[in-house]
Amino acid sequence: MSNYTVNEYAELIEKELSKRLYSVKDGQDYVREAMNYSLSNGGKRIRPILTLEFCKLCGGSIEDAMNFACAVEMIHTYSLIHDDLPCMDNDDFRRGKPSCHKAYGEEYALLAGDGLLTLAFETALLDGNNVLPENKILAARTLASLAGIAGMVGGQVLDLQAEKTTPDYNKIKTIDALKTGALIKSAVLLGCYAANATDKTKLEAAERYAECIGFAFQIVDDILDVTSDTETLGKPVRSDEKNEKATYVSLLGIEKSKQTVEQLTNEALAALDVFDNGKSEFLRNFAISLADRKK
């Protein structure tokens with residue numbers, strides 16, 4: 001079973017995503033181009049990497065997990081397209097390039113997001129691997145739940161409602177657990193399901209790992225918004241401050257925020273102790289690298 005670096009994983013996932021974004025023949029290619037524009041626009045590929053690695057951790061192969069990995073990344077990309085729209089965050093750039101609606105127009109960006117959302121479930125349910133049918137259904141249901149109003153979409157709703165208010169630490173934590181953490185949780189669970197894993201203890205440990213790195217990831221985002229620059233991040237900095245948005249940094253301060261990231265990372269590493277098969281080194285290093293990232 002091959003071992004990949006983060007960059008090698010990103011390249012592999014890029015190729016696999018392009019295979020699953022199939023051509024259409026009735027004149028709707030323009031929206032497919034818009035879908036591909038955002039789907040191929042780099043990014044850390046954190047979620048699909050987690051899906052592939054948790055499948056390996058549970059004894060499966062990355063080939064069996066690839067459809068699930070691509071599905072999760074399609075959901076993530078659709079959410080970014082919609083988040084950037086003028087009616088939401090109104091961001092003109094994403095990863096250093098014009099946002100989808102700036103490149104293709106608002107109406108096509110909206111449809112590109114819709115297209116990726118539905119393609120995600122088509123992809124998750126494709127034939128051609130060793131995932132048991134009942135686990136494909138479980139995966140699709142889990143992804144739908146954690147991407148919907150009980151997860152990512154619900155977190156976006158709470159985030160919108162919190163604008164121009166002064167939410168406390170617990171409120172922000174709830175928003176982030178739904179808006180960011182839920183999809184990360186779906187990524188690790190789908191990896192386990194791809195390996196046909198059924199051990200409840202291991203599934204709970206996978207969820208705990210996801211919760212910790214997801215929470216830490218958002219805190220690091222808040223830290224970088226204050227300490228980094230637009231060129232490094234590929235997006236505007238100090239946007240939270242300009243929008244008068246409460247963040248972990250504004251509530252805890254930078255030092256306490258950094259300490260919390262360290263604590264969460266250690267908890268994520270501890271969660272991996274349940275898996276005693278010697279295959280968790282990548283995920284351990286991955287958690288540490290996310291906490292130490294500069295963009």
Enquirer: Tell me every residue that passes ring-ring contact (aromatic ring centres under 6.0 Å, His included) with Phe286, counting only those two or more places apart in sequence or in another chain.
Expert: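 Here the qualifying residues are Phe282.
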
Enquirer: Hydrophobic clusters join Ile, Leu, Val, Met, Phe, Trp and Tyr when side-chain heavy atoms are under 4.5 Å apart, directly or via other members; which others share one with Leu178?
Expert: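 Answer for Leu178: Leu158, Ile175.
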
Enquirer: Please round to the nearest 0.5 Å and tell me the distance separating atom CD1 of Ile81 and atom OH of Tyr108.
Expert: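 Between Ile81 CD1 and Tyr108 OH, I get 15.0 Å after rounding to 0.5 Å.
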
Enquirer: Applying side-chain contact (heavy atoms from CB on, under 4.5 Å), name anything that partners Glu16, two or more places apart in sequence or on another chain.
Expert: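 For Glu16, the residues satisfying side-chain contact (heavy atoms from CB on, under 4.5 Å) (neighbours in sequence not counted) are Leu12, Lys19, Arg20, Met66, Cys70.
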
Enquirer: Could I get the full list of side-chain contact (heavy atoms from CB on, under 4.5 Å) partners for Ser23, not counting sequence neighbours?
Expert: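 With sequence neighbours excluded, Ser23 shows a side-chain contact (heavy atoms from CB on, under 4.5 Å) to Arg32, given in chain and number order.
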
Enquirer: By side-chain contact (heavy atoms from CB on, under 4.5 Å), which residues pair with Asn266, not counting sequence neighbours?
Expert: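 side-chain contact (heavy atoms from CB on, under 4.5 Å) list for Asn266, sorted by chain: Glu262, Leu269.
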
Enquirer: Between Glu53 and Tyr4, does any side-chain donor sit less than 3.5 Å from a side-chain acceptor?
Expert: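 There is no such pair (donor and acceptor under 3.5 Å, judged by atom type) between the side chains of Glu53 and Tyr4.
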
Enquirer: Residues in side chain to side chain donor-acceptor pair (under 3.5 Å) with Arg293, at least two apart?
Expert: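 By the side chain to side chain donor-acceptor pair (under 3.5 Å) rule, Arg293 matches Asp221.
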
Enquirer: Applying side chain to side chain donor-acceptor pair (under 3.5 Å), name anything that partners Glu14, two or more places apart in sequence or on another chain.
Expert: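 Only Arg45 meet the side chain to side chain donor-acceptor pair (under 3.5 Å) criterion with Glu14.
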
Enquirer: If you look only at distance, which donor and acceptor atoms sit under 3.5 Å apart when one is on a side chain in residues 110-128 and the other is two or more places apart or in another chain?
Expert:
| from | atom 1 | to | atom 2 | distance (Å) |
| --- | --- | --- | --- | --- |
| Thr118 | OG1 | Asp114 | O | 3.0 |
| Thr118 | OG1 | Gly115 | O | 3.1 |
| Glu122 | OE1 | Tyr22 | OH | 3.1 |
| Glu122 | OE2 | Tyr22 | OH | 3.1 |
| Thr123 | OG1 | Leu119 | O | 2.8 |

Enquirer: When rounded to the nearest 0.5 angstrom, what is the spacing between SG in Cys100 and CG in Asp91?
Expert: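 Going from the SG atom of Cys100 to the CG atom of Asp91 covers 13.5 Å.
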
Enquirer: Roughly how far, to the nearest 0.5 Å, is OG1 of Thr142 from CD1 of Ile137?
Expert: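 Between Ile137 CD1 and Thr142 OG1, I get 11.5 Å after rounding to 0.5 Å.
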
Enquirer: Say whether, by atom type as modelled, one donor and one acceptor occur between the side chain of Gln28 and the main chain of Asp26 under 3.5 angstrom.
Expert: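 Yes, because the side chain of Gln28 sits within donor-acceptor range (under 3.5 Å) of the backbone of Asp26.
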
Enquirer: Which distance, rounded to the nearest 0.5 Å, do you find between the OG of Ser38 and the NE2 of His82?
Expert: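 One gets 10.0 Å once the value is rounded to the nearest 0.5 Å.
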
Enquirer: Mind checking ring-ring contact (aromatic ring centres under 6.0 Å, His included) for Tyr104 and listing every partner two or more places apart, or none if nothing turns up?
Expert: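 Tyr30, Tyr37.
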
Enquirer: With sequence neighbours excluded, what pairs up with Asp176 under the side-chain contact (heavy atoms from CB on, under 4.5 Å) test?
Expert: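 With neighbours one apart ignored, the set is Ile172, Gln218, Tyr248.
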
Enquirer: Quick one: CE on Met35 to CG on Leu21, what's the gap to the nearest 0.5 Å?
Expert: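 Atom-to-atom, Met35:CE and Leu21:CG are 5.0 Å apart.
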
Enquirer: One pair to check against salt bridge (Lys or Arg N to Asp or Glu O under 4.0 Å): Lys171 and Asp159. What are the steps and the verdict?
Expert: CA-CA 9 Å; Lys171 184 66 173 180; Asp159 195 30; over 6 Å; no

Enquirer: Given side chain to side chain donor-acceptor pair (under 3.5 Å), test Gln263 with Glu267 step by step and report yes or no.
Expert: CA-CA 6 Å; Gln263 178 185 343; Glu267 289 179 22; 3.2 Å; yes

Enquirer: To the nearest 0.5 Å, what is the distance between OG on Ser79 and CG on Leu183?
Expert: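 It is 6.5 Å, given to the nearest 0.5 Å.
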
Enquirer: Residues two or more places apart in sequence or in another chain: which of them pass salt bridge (Lys or Arg N to Asp or Glu O under 4.0 Å) with Lys200?
Expert: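 If we apply the salt bridge (Lys or Arg N to Asp or Glu O under 4.0 Å) test to Lys200, skipping adjacent residues, there are no hits.
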
Enquirer: Side chains of Lys56 and Asn3: does their closest heavy-atom pair fall under 4.5 Å?
Expert: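 Lys56 vs Asn3: side chains touch.
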
Enquirer: For residues 186-197, which residue pairs pass the side chain to side chain donor-acceptor pair (under 3.5 Å) check, not counting sequence neighbours?
Expert: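 Sorted pair list: Asn135-Asn196.
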
